[in-house]
Amino acid sequence: MVDIEKIRTQFKILDTTVYDRPLVYFDNAATTQKPECVINVLADYYRTLNSNIHRGVHYLSSAATERYEETRTAVQQFVNASHQHEIVFTRGTTESINLVASSFGKLFLHKGDEVIISGMEHHSNIVPWQLACEQYGASLRVIPFSDQGVLDLEAYRALFSDRTRIVAVNHVSNTLGTVNPIKEIIQIAHSHGVPVLIDGAQAISHLAVDVQALDCDFYCFSGHKMYAPMGIGVLYGKEQWLDKMPPYQGGGEMIKDVTFERTTYNELPFKFEAGTPSVGDALALKTSIEFMQDLGVENIAAYETELLHYATEQLSAIDGLRIFGTAPHKTSVISFLIGTAHPYDTGTLLDKLGIAVRTGHHCTQPIMDRYGIPGTVRASFAVYNTKQEIDTLVTGIQRIAPMLA
Ligand code: PLP
């Protein structure tokens, strides 16, 4: 059970009024709001601890380094990675995927090779692979999905060839809310000796993730979608892959020895962490993990599922409203259209009622093409949202529907 009133007191931004109405924040798939405990750790870092890490003998630098590395341990435990050095800090999911596409691609992609992705990927799990394919003469193969928003696993099996080098799919679709059967997807790939990258951007705040149980080769996520600040993210990678892969960026921190003739690289994970990292954001990520663990990830998931079912039922009852993404296993994301209204118009009118939803293609243009629509309106819920707020959305839609007709 979650104590919703107590949780909401942690999020001062939820007290905002928008056009004299209480804010209803339903854009959580884009970014979650931050609890006071996270904001305090970030502010305190700059007030009391600000220092560059890993290369100072002085007190502040040592203390900041220790706290930074404690965050790595917290992340390792949160996703149950075998080793601390399998956790690489990045700026976010996008950077994590680009790192793998670039570095893995350099070593393992050659002319005629193939990369499998799905038809419901965020652009950040499409374009980095396209760039790598373009560079090395490889090509993309795409897993199709049903009208409901369920991946076609038979078609997936048929996509493998002796040229398949990697599979990259999301754990949860940011547009359809589908929770993909990644364990099965990984098993199938491994039966062909092919590694799998999971884009966990939309899963990490809603589902318990155990990278060892999943046996994924890479798992990527962003702090800002799990109550932490923007600017910090994670790449989990199995040691066996990270060890082999060449550095992604060159600079300070990632080297062992530099001469003009030759540079040798630092050990994992530092080989992939060139330059000054987002130390304060990392410290606050640890606090966001503790925030979620205190609530219990299973409790968060159960509460959000309750919100999802309530909202799906209420919204489905509205005349002319179509929901895109009706897979049996979903997280708390609802994409919809009202009649023939453009999503942008719907979003603008809802905003005037204080309701924040996202409109457009949600960085998943191929999904829009699949359904032949320009975009959707997306309401996505987090642990601080309530059924009353969903009622406000439903009433709001009923109110604006005649204006959109
Ligand atoms: N993958 C998915 C499924 C997402 O929803 C997002 C962001 O919305 C991303 C990747 C990119 O995340 P970021 O912008 O934090 O790098």
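These numbers were taken from a predicted model, which means no experiment stands behind them.
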Interatomic distance, NE2@H122 vs CD@Q365, rounded to 0.5 Å, equals 11.5 Å
Parallel, tilted or perpendicular for H171 and Y219, by the 30°/60° rule? perpendicular
Show me the side-chain donor-acceptor pairs of residues 33-46 shorter than 3.5 Å, one per line, residues at least two apart or across chains.
| unit_1 | atom_1 | unit_2 | atom_2 | d |
| --- | --- | --- | --- | --- |
| K34 | NZ | T31 | OG1 | 3.3 |
| K34 | NZ | T32 | O | 2.6 |
| K34 | NZ | H224 | O | 3.0 |
| K34 | NZ | A228 | O | 2.9 |
| N40 | ND2 | E36 | O | 3.3 |
| D44 | OD1 | R47 | NH1 | 3.3 |
| Y45 | OH | N50 | OD1 | 3.4 |
| Y45 | OH | S51 | N | 3.3 |
| Y45 | OH | S51 | O | 3.1 |

Just jot down the ring pair (Phe, Tyr, Trp, His ring centres under 6.0 Å) partners of F381, sequence neighbours excluded, or say none. F26
Using residues 319-331 as the side-chain source, report each donor-acceptor pair under 3.5 Å to any protein atom, sequence neighbours left out, with the distance given to one decimal.
| unit_1 | atom_1 | unit_2 | atom_2 | d |
| --- | --- | --- | --- | --- |
| K330 | NZ | G325 | O | 2.8 |
| K330 | NZ | V333 | O | 3.0 |

Results of salt bridge (Lys or Arg N to Asp or Glu O under 4.0 Å) for R8 - residues two or more places apart only: E389
Going by ring pair (Phe, Tyr, Trp, His ring centres under 6.0 Å), name the pairs with one or both residues in residues 338-368, residues two or more places apart or in two chains. H123-H361
Hey, can you pull the donor-acceptor pairs under 3.5 Å for the side chains in residues 126-142, sequence neighbours left out?
| unit_1 | atom_1 | unit_2 | atom_2 | d |
| --- | --- | --- | --- | --- |
| W129 | NE1 | N125 | OD1 | 2.9 |
| R141 | NH1 | E114 | OE1 | 3.4 |

Are any of the side-chain nitrogens in E267 or K271 under 4.0 Å away from the carboxylate oxygens of its partner? no
Tell me, please, which residues at least two apart from F336 pass ring pair (Phe, Tyr, Trp, His ring centres under 6.0 Å). none
Nearest 0.5 angstrom please: L337 CG to L404 CG, how far? 11.0 Å
When you compare the side chain of L350 with that of I400, does any pair of heavy atoms fall below 4.5 Å? yes
Tell me every residue that passes ring pair (Phe, Tyr, Trp, His ring centres under 6.0 Å) with F89, counting only those two or more places apart in sequence or in another chain. Y68
Can you run down the ring pair (Phe, Tyr, Trp, His ring centres under 6.0 Å) pairs that involve residues 263-319, sequence neighbours left out, and say none if there aren't any? F11-F291, H54-F270, Y227-F291
Can you tell if the side chain of L285 reaches within under 4.5 Å of the side chain of V234, non-hydrogen atoms only? yes
With R67 via salt bridge (Lys or Arg N to Asp or Glu O under 4.0 Å) - residues at least two apart: none
Looking at residues at least two apart in the chain, or sitting in another chain, which of them share a salt bridge (Lys or Arg N to Asp or Glu O under 4.0 Å) with R262? none
Side-chain (D27) to main-chain (V357) donor-acceptor, under 3.5 angstrom: no
With sequence neighbours excluded, what pairs up with P144 under the side chain to side chain contact (heavy atoms under 4.5 Å, CB included) test? D152, A155
Does the Q76 side chain pair with the main chain of R72, one donor and one acceptor, at a distance under 3.5 Å? no
Working note: V169 + I117, criterion side-chain contact (heavy atoms from CB on, under 4.5 Å); need CA distance, chi angles, decisive distance, verdict. CA-CA 5 Å; V169 293; I117 61 169; 5.7 Å; no
